[in-house]
Protein chains: 2
Amino acid sequence: MKDQCIKVQQTEEDIKALQDTIYVIGGKWKLPIIHSICNGNKHFKEIERSIPGITTRMLSRSLRELEDNKLITRTVDPNVPTLVEYEFTEYAKEYGVLITEMIRWGKHHKKMIIGQL
Amino acid sequence: MKDQCIKVQQTEEDIKALQDTIYVIGGKWKLPIIHSICNGNKHFKEIERSIPGITTRMLSRSLRELEDNKLITRTVDPNVPTLVEYEFTEYAKEYGVLITEMIRWGKHHKKMIIGQL
DNA sequence: CGGTATCCTCTCTGATACTG
DNA sequence: CAGTATCAGAGAGGATACCG
């Protein structure tokens, strides 16, 4: 491992893993949606209203991708077929450390770039 | 904070910070380039050869973006004007924890999705 | 060696309308 | 309420050629 390496030597597999991670939570709306569900919004319209600028199209697509990645569940009320609930999976919570670290880094980075420390 | 929240309550500012982070290291080539420099490659052609499929155009653009974000430095040898060295900044190394966490998560996630644990 | 310029394609995203 | 369908624009990325 070279001295100038960023902490860990990365294998090809690591790079793929990194890109997967970025893909899963990347794009314009995934994070705001996660944020919205975090804040207690469960229904499609609730989530939509809580995210300024999002369209039904992008919300629909993003929710499905998050569902495909097992980060959220989609549950239709059997009694009220037009009532759907989106919730985090237990699995999604393992994701907390990463979120925290990304927030920390993003804030630090912004100060660095803007303030030119 | 709601129970179903992913570990931390996120503010609007946090969401922006997260998106910044994804932006800085996002795209198709940033991570492979970081990997390449990690492995000791310093010159444009060296890096290019080490990343299958990348074009000079994308390498050039990505390097400049990483430089704009202070993750790497670009140094021209005053004696040999056509010799350029790309290296990590000290600042970039603070980024190690995040990389590690993203690799860990990405690998775990892949197993989860493929293996359907 | 270390790039830039041009053109082209393809995906992501937005706008709008419509449906069960 | 919870979406899908369709069309259009913007931007990322690829192919190729060329330059100091």
Side-chain angles (χ1 to χ4, degrees), chain A residues 15-16 18-37 40-69 71-88, chain B residues 15-16 18-37 40-69 71-88:
Chain A
I15 295 297
K16 293 217 174 90
L18 278 165
Q19 288 174 325
D20 286 348
T21 299
I22 292 203
Y23 180 76
V24 170
I25 56 180
K28 189 169 177 180
W29 302 108
K30 302 275 183 62
L31 262 1
I33 290 168
I34 289 171
H35 175 230
S36 176
I37 298 177
N41 297 306
K42 286 170 178 289
H43 308 299
F44 194 90
K45 281 289 171 194
E46 263 180 7
I47 300 171
E48 187 185 354
R49 277 189 289 262
S50 73
I51 304 174
I54 199 168
T55 59
T56 58
R57 177 183 137 86
M58 289 314 294
L59 178 54
S60 174
R61 291 169 68 106
S62 302
L63 283 170
R64 192 169 22 239
E65 283 183 41
L66 290 172
E67 193 192 350
D68 290 344
N69 280 296
L71 291 177
I72 59 174
T73 54
R74 181 181 180 279
T75 313
V76 183
D77 188 322
N79 306 313
V80 190
T82 60
L83 193 58
V84 176
E85 272 195 12
Y86 291 97
E87 292 173 291
F88 282 120
Chain B
I15 296 297
K16 293 218 174 87
L18 278 165
Q19 289 173 323
D20 286 348
T21 299
I22 291 204
Y23 181 77
V24 169
I25 55 180
K28 190 168 177 179
W29 301 109
K30 303 275 182 61
L31 261 2
I33 290 169
I34 288 171
H35 176 228
S36 175
I37 298 177
N41 297 306
K42 286 171 177 290
H43 307 301
F44 193 92
K45 282 289 172 195
E46 263 180 6
I47 300 170
E48 188 185 352
R49 277 188 288 264
S50 73
I51 304 174
I54 198 168
T55 59
T56 58
R57 178 183 135 89
M58 289 314 294
L59 179 55
S60 175
R61 290 168 68 108
S62 302
L63 282 170
R64 189 166 330 114
E65 284 183 39
L66 290 171
E67 193 192 351
D68 290 344
N69 280 296
L71 292 177
I72 59 174
T73 54
R74 179 180 181 279
T75 314
V76 183
D77 188 322
N79 306 313
V80 189
T82 60
L83 192 58
V84 176
E85 272 194 13
Y86 291 97
E87 291 172 292
F88 283 121

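Residue numbering restarts at 1 for every chain, and letters A, B, ... go by the order of the sequence lines.
- Side chains of L59(A) and L63(A) form a contact here, defined as non-hydrogen atoms less than 4.5 Å apart.
- Between I54(B) and I33(B) the shortest side-chain heavy-atom distance falls below 4.5 Å.
- Here K45(B) pairs with E48(B) in a salt bridge; the nearest charged N to carboxylate O distance falls below 4.0 Å.
- G27(A) comes within contact range of the sugar-phosphate backbone alone, with a heavy-atom separation under 4.0 Å but no base atom that close.
- Distance, D77(A) CG to dG3(D) P: 13 Å, rounded to whole Å.
- Spacing between atom CD of E67(B) and atom P of dG3(C) amounts to 9 Å, rounded to whole angstrom units.
- Remark: side-chain polar atoms of Q19(A) are paired, donor with acceptor, to backbone N or O of K28(B) under 3.5 angstrom.
- Going from atom CD of E85(B) over to atom C1' of dG3(C) covers 17 Å, rounded to whole Å.
- The side-chain heavy atoms of L66(A) and I37(A), taken from C-beta on, include no pair separated by under 4.5 Å.
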Set out, line by line, the N/O atom pairs under 3.5 Å between protein and nucleotides 4-8 of chain C.
{"unit_1": "dT4(C)", "atom_1": "OP1", "unit_2": "R64(B)", "atom_2": "NH2", "d": "2.9"}
{"unit_1": "dT4(C)", "atom_1": "OP2", "unit_2": "S60(B)", "atom_2": "OG", "d": "2.3"}
{"unit_1": "dT4(C)", "atom_1": "OP2", "unit_2": "R64(B)", "atom_2": "NH2", "d": "3.1"}
{"unit_1": "dT4(C)", "atom_1": "O4", "unit_2": "T56(B)", "atom_2": "OG1", "d": "3.0"}

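- Here dG2(C) presents its P atom at 13 Å from CD1 of I72(B), a figure rounded to the nearest Å.
- Atom-to-atom, CD1 of I33(A) to P of dG3(D) comes out at 12 Å; the value is rounded to the nearest Å.
- Taking the screw axis at each terminus of the helix from dC1(C)-dG20(D) to dG20(C)-dC1(D) from five consecutive base pairs, the angle between the two is 50° to within rounding of 10 degrees.
- Comparing dG2(C), dC1(C), dG3(D) by their closest approach to the side chain of R49(B) singles out dC1(C).
- Atom CD1 of I54(B) and atom P of dA12(D) are 15 Å apart (whole Å).
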